[in-house]
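Note sheet for the following structure.
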Number of protein chains: 2
Amino acid sequence: MPRRRYRQFCPLAKALDVLGERWTLLIVRELMTGPKRYTDLRDELPGLATDLLAARLRELHHGGIVERRDVPPPTPAVVYELTPRGHALDAVITELALWGRPLLQESIDDYLPQSALLLGIKTLFHSDAAADLDETYHLEVDGRPVAVQVHDGTVDVAPDSIAERPAVRIVTDTKGFINLARGQPQAARIEGDPDALNRLGRVLDLS
Amino acid sequence: MPRRRYRQFCPLAKALDVLGERWTLLIVRELMTGPKRYTDLRDELPGLATDLLAARLRELHHGGIVERRDVPPPTPAVVYELTPRGHALDAVITELALWGRPLLQESIDDYLPQSALLLGIKTLFHSDAAADLDETYHLEVDGRPVAVQVHDGTVDVAPDSIAERPAVRIVTDTKGFINLARGQPQAARIEGDPDALNRLGRVLDLS
DNA sequence: CTGCATCCGCTTCGATACTG
DNA sequence: CAGTATCGAAGCGGATGCAG
């Protein structure tokens, strides 16, 4: 818990007392896709000072949002994972992301953390445009593969996994993906059915 | 727009670039119930320095969230009001408030702004417990009257308005209301049907 | 190598005073 | 009423150090 509090009898103010500090919700976003180690968190959040990450994790632990767990050998490590209370922030993050979606247009030369890629795909997904669609896409950004599965008007995003028999394979880097999301495919290696790429473009749209 | 940005291609990070600074979302909450003047905002947000309020309003204006408008005579003034983009933050605030609801238990000696009272009532409202309910309650906290109308499983909250023929009238102050929300009615003047008070208590519940 | 703590320069915040 | 000016305190970002 930070020292600075709003001191208001208001559910919004109370939530912001816990979540409102810089980096806090981005750390929660990182943990949304599963437990992570301290160093992995730091690597995915450039600009966040190491001691500040430690402080935020302490506050999140104290707030009942994050649990610290020792992973036994063979690969001993400390991982941080969300509690149920932490996972309940999914709705908060979803709404903030939906609101923030138009702002992605302004993005230039930004970093693309793995979890941001996953959240981005979920946020750009248009359920109504995917009603009759049922296929899988292979996406690979900066060497990190993601399987995107569209099915029954929903999207499933699996990190670090190879899609089997994808309708289209897109291999690119951060810049290429950002341009792709803007509807300007360049610097991307695309293999497969061009129609499938168009279908993907309609389902995952920035506008 | 603040100078500090996350520089991530992520809809959450982009939203937080605009909304993540201290006080920003609380100012939006204040404006959610209608336009307000500079001084009214400052009075409802104790602890917020005047120059910081000016800076936040500038940023919110620049971000397309708040519009500055001159009200012509007979009562000339400057008011700030939300744009459609600003009103779209309703869902964000609602989710944050729902998540923060349990934290209200910890509240001691807090300030209760008018808009926090309204948001609090909307957040504490249990739709399922109000399915067959159709009545109006008069609530008055620190001299500010609020008409709470429960109807068809929804709640309507009208600030600065007197409820007509309310099922119960509750007149209290900040401390009294906070205790009331915790289920400890004390220091509150209550008039009307005791059963109606119980019904209100089931519909508006902290737990 | 991981998981921090410490130090330092800069920015932001909070409180008060002051002005058109 | 609607802000700007000023200033000490706290928070942040980056680099470095260090124990397990």
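Just so we're on the same page: letters track the sequence lines, and every chain starts at 1. Both backbone and side-chain heavy atoms feed into the values below; hydrogens, waters and symmetry mates do not.
Judged as a ring-ring contact (aromatic ring centres under 6.0 Å, His included), and not counting sequence neighbours, Y137(B) has no contacts. With sequence neighbours left out, the ring-ring contact (aromatic ring centres under 6.0 Å, His included) criterion links W99(B) to no other residue.
The separation between L41(A) atom CG and dC1(C) atom P is 19 Å, rounded to whole Å. Straight-line distance from the CZ atom of R5(B) to the P atom of dC12(D): 18 Å, rounded to whole Å. Taking atom CZ of R69(A) as the reference point, atom P of dT2(C) lies 18 Å away to the nearest angstrom. What separates CD of E21(B) from C1' of dT11(C) is a distance of 11 Å, to the nearest Å. If you measure from atom CG of L52(A) to atom C1' of dT16(D), you get 17 Å, rounded to the nearest angstrom.
A cation-pi arrangement is not found for R68(A) relative to Y38(A), the charged atom failing to lie both closer than 6.0 Å to the ring centre and inside a 45° cone about the ring normal.
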Per-pair distances, 0.1 Å, donor-acceptor, side chain in residues 117-125 of chain B, under 3.5 Å, sequence neighbours excluded:
unit_1, atom_1, unit_2, atom_2, d
T123(B), OG1, L119(B), O, 2.7

Shorter than 3.5 Å, N or O on both sides, protein versus nucleotides 3-8 of chain C: list them out with atom names.
unit_1, atom_1, unit_2, atom_2, d
dG3(C), OP1, V78(A), N, 3.3
dG3(C), OP1, V78(A), O, 3.2
dG3(C), OP2, Y38(A), N, 3.2
dG3(C), OP2, T39(A), N, 3.2
dG3(C), OP2, T39(A), OG1, 3.0
dC4(C), OP1, R68(A), NH1, 3.4
dC4(C), OP2, R68(A), NH1, 2.9
dC4(C), OP2, Y80(A), OH, 2.1
dC4(C), N4, T50(A), OG1, 3.4
dA5(C), OP2, R58(A), NH2, 3.0

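For W23(A), no side-chain nitrogen or oxygen approaches OP1 or OP2 of dG11(D) to under 4.0 Å. The phosphate of dC12(D) has OP1 or OP2 within less than 4.0 Å of a side-chain N or O from R56(A).
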Dump the intermediate steps for side chain to side chain contact (heavy atoms under 4.5 Å, CB included) on V79(B) and R37(B), then the final yes or no.
CA-CA 4 Å; V79(B) 295; R37(B) 291 181 303 176; 3.8 Å; yes
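For the helix from dC1(C)-dG20(D) to dG20(C)-dC1(D), the angle separating the two terminal helix axes comes to 30°, with each axis derived from five pairs and the value rounded to 10°.
Side-chain contact between Y111(A) and Y6(B) is absent, with no heavy atoms from C-beta onward closer than 4.5 Å.
A side-chain hydrogen bond (donor to acceptor under 3.5 Å, both in side chains) check over residues 25-35 of chain B, counting only residues at least two apart or in different chains, returns the pairs Q8(A)-R29(B), R29(B)-S115(B), E30(B)-K36(B), E30(B)-S115(B).
Of all the heavy atoms in D109(B) and R7(A), the pair that sits closest is O-NH2, 3.6 Å.
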